[in-house]
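Residue numbers begin at 1 in each chain, while the letters A, B, ... track the order of the sequences. Just so you know, these numbers use all the heavy atoms, side chains as well, and skip hydrogens, waters and symmetry mates.
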2 protein chains.
Amino acid sequence: MDERPLRADARRNRARVLEVAAQVFATEGVAVPVHEIARRAGVGTGTVSRHFPTKDDLVGEVLFALLRNLVDEADALAERADPGTAFFAFVATLVRVGAANRALAQELAGTCCGVDGRAEFDVPGRTRELLAQAQQAGAVRADITYPDVKALMTGCMARRGGPLEPVIGVVCDGLRTGAGHRRTQREGTTT
Amino acid sequence: MDERPLRADARRNRARVLEVAAQVFATEGVAVPVHEIARRAGVGTGTVSRHFPTKDDLVGEVLFALLRNLVDEADALAERADPGTAFFAFVATLVRVGAANRALAQELAGTCCGVDGRAEFDVPGRTRELLAQAQQAGAVRADITYPDVKALMTGCMARRGGPLEPVIGVVCDGLRTGAGHRRTQREGTTT
DNA sequence: TCCCAACCGGGATACCCATCCCGATTATAG
DNA sequence: CTATAATCGGGATGGGTATCCCGGTTGGGA
């Protein structure tokens with residue numbers, strides 16, 4: 001196909017753009033203009049959009065690596081720990097990573113370009129699985145759904161610039177079975 | 001000052017724009033273009049920007065009423081209920097209102113125009129006070145700060161379109177002193 | 001009823017941004 | 001060293017939004 005090797009300078013520029021983009025998107029979110037990425041990388045906007053025809057392509061490439069790591073971690077936890085421990089550990093990891101990386105937080109919150117959900121990078125899918133297993137094992141409240149977990153994690157990620165232990169603690173304690181809640185009298189409510 | 005009464009048609013248009021804006025911002029958030037508000041209100045864009053010179057003016061006017069109600073509710077709770085009950089009830093109210101109104105959620109999350117914080121409409125201030133009193137009364141974990149609470153509530157508000165009891169339950173249980181292990185009455189579930 | 005200031009509509013203007021294009025530059029094969 | 005195709009920079013283009021402006025319309029007091 002188009003697997004022709006890039007010229008040396010082109011390869012260098014591409015890598016530099018990717019590096020700068022990763023840093024900027026992590027710090028300021030995906031809303032940063034492409035021309036700003038180009039400026040900081042010391043290249044023209046044309047160079048950026050030649051290597052990444054669309055802004056989503058650039059964002060996607062930046063997110064791929066991060067999402068893959070998370071999926072790997074989820075899989076590792078799933079086989080190394082019991083369901084409850086695995087689920088809570090993964091939630092804590094997602095929150096920490098999301099709080100440290102705005103772009104990733106936006107992606108996980110669904111306010112980004114939506115590159116996850118693709119086979120090998122399906123973080124939401126992994127989270128769903130871990131949740132289901134933790135609930136089956138009786139470690140997590142049964143009335144909780146994935147959207148609930150997603151919303152709670154999204155909130156925790158917004159706690160940028162402060163210690164994360166408190167919010168993670170609150171959420172994990174609250175999710176745990178046996179925390180006092182009135183589930184007993186409202187089993188299958190749907191609003 | 002310029003308190004000359006508006007002409008009848010002008011007053012009618014202003015009210016209609018405000019009404020439509022409130023509805024649209026609540027449903028779709030403050031990012032909706034002004035010209036869209038004008039279109040749905042059946043007026044020209046000029047009419048909107050004459051009554052509300054800036055988009056922030058329009059958004060602000062819409063939010064004022066909502067914020068005032070919330071502040072009133074906070075004050076009422078503060079004097080009618082014990083600190084713990086008041087705090088949890090207010091948190092539940094904020095989450096419910098925020099989940100039902102995107103513009104308000106954006107405002108409370110700080111991703112809007114920031115009209116609150118003004119004396120009589122200072123919802124964050126009231127929340128802070130209720131939190132401090134609840135902690136002093138020993139009803140809420142001592143390691144929690146206002147930004148933690150804000151982040152958690154922001155997350156819950158993102159749970160649009162589903163039942164809110166689970167997320168509110170998780171957060172309130174998690175915030176409660178001695179959380180993660182039992183206890184609970186049914187506070188914090190006011191509608 | 002008549003008249004004019006207040007009001008209306010929506011086109012004009014001024015940004016901002018992503019993406020495309022093309023003349024100038026440069027890596028590198030021969 | 002030279003030729004040439006790949007690459008570069010940044011201006012041009014198209015689309016979107018907020019705000020301003022002005023010729024036409026109308027409410028309501030005389």
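Contact check, B:Asn13 against C:dC7: no side-chain N or O comes under 4.0 Å of OP1 or OP2.
Evaluation of the side-chain hydrogen bond (donor to acceptor under 3.5 Å, both in side chains) test over residues 92-103 of chain A, restricted to residues two or more places apart or in two chains, returns A:Glu73-A:Thr93.
In the 5' to 3' direction, nucleotides of DNA chain D lying under 4.0 Å from heavy atoms of chain A begin and end at D:dA6 to D:dG11.
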### Summary
Protein-proximity profile, nucleotides 13-26 of chain C, B/S/- by nucleotide at the 4.0 Å heavy-atom cutoff, equals ----SSSB-----B
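Annotation: side chain of A:Leu108 is not in contact with side chain of A:Thr154 (no heavy-atom distance under 4.5 Å). A:Val170 has its side chain within reach of B:Leu152: a pair of non-hydrogen atoms, C-beta onward, lies under 4.5 Å apart. Between B:Met153 and B:Thr127, the closest side-chain pair of non-hydrogen atoms falls below 4.5 Å. Between A:Leu70 and A:Leu104, some side-chain heavy-atom pair lies under the 4.5 Å cut-off.
A salt bridge links A:Arg141 with B:Asp173: the distance from a Lys NZ or Arg NE/NH1/NH2 to an Asp or Glu carboxylate oxygen falls below 4.0 Å.
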Sequence neighbours left out, cut at 3.5 Å: what donor-acceptor pairs do the side chains of residues 21-43 of chain B make with other protein atoms?
unit_1  : atom_1 : unit_2  : atom_2 : d
B:Gln23 : NE2    : B:Thr27 : OG1    : 3.3
B:Thr27 : OG1    : B:Gln23 : O      : 2.9
B:Glu28 : OE2    : B:Arg40 : NH1    : 3.3
B:Glu28 : OE2    : B:Arg40 : NH2    : 2.9
B:Glu36 : OE1    : B:Arg39 : NE     : 3.3
B:Glu36 : OE2    : B:Arg39 : NH2    : 2.8
B:Glu36 : OE2    : B:Arg40 : NE     : 2.8
B:Glu36 : OE2    : B:Arg40 : NH2    : 3.4

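In this structure B:Asp57 satisfies the side-chain contact (heavy atoms from CB on, under 4.5 Å) test together with B:Phe52, B:Pro53, B:Thr54, sequence neighbours excluded.
With the end axes of the helix from C:dT1-D:dA30 to C:dG30-D:dC1 each set by five pairs, the angle from one to the other reads 0° at 10° resolution.
Within a 6.0 Å radius of CZ in B:Arg68, other residues, nucleotides and ligands contribute 12 heavy atoms or fewer.
To the nearest 0.5 Å, atom CG of residue B:Asp56 and atom CD of residue B:Glu61 are 12.5 Å apart.
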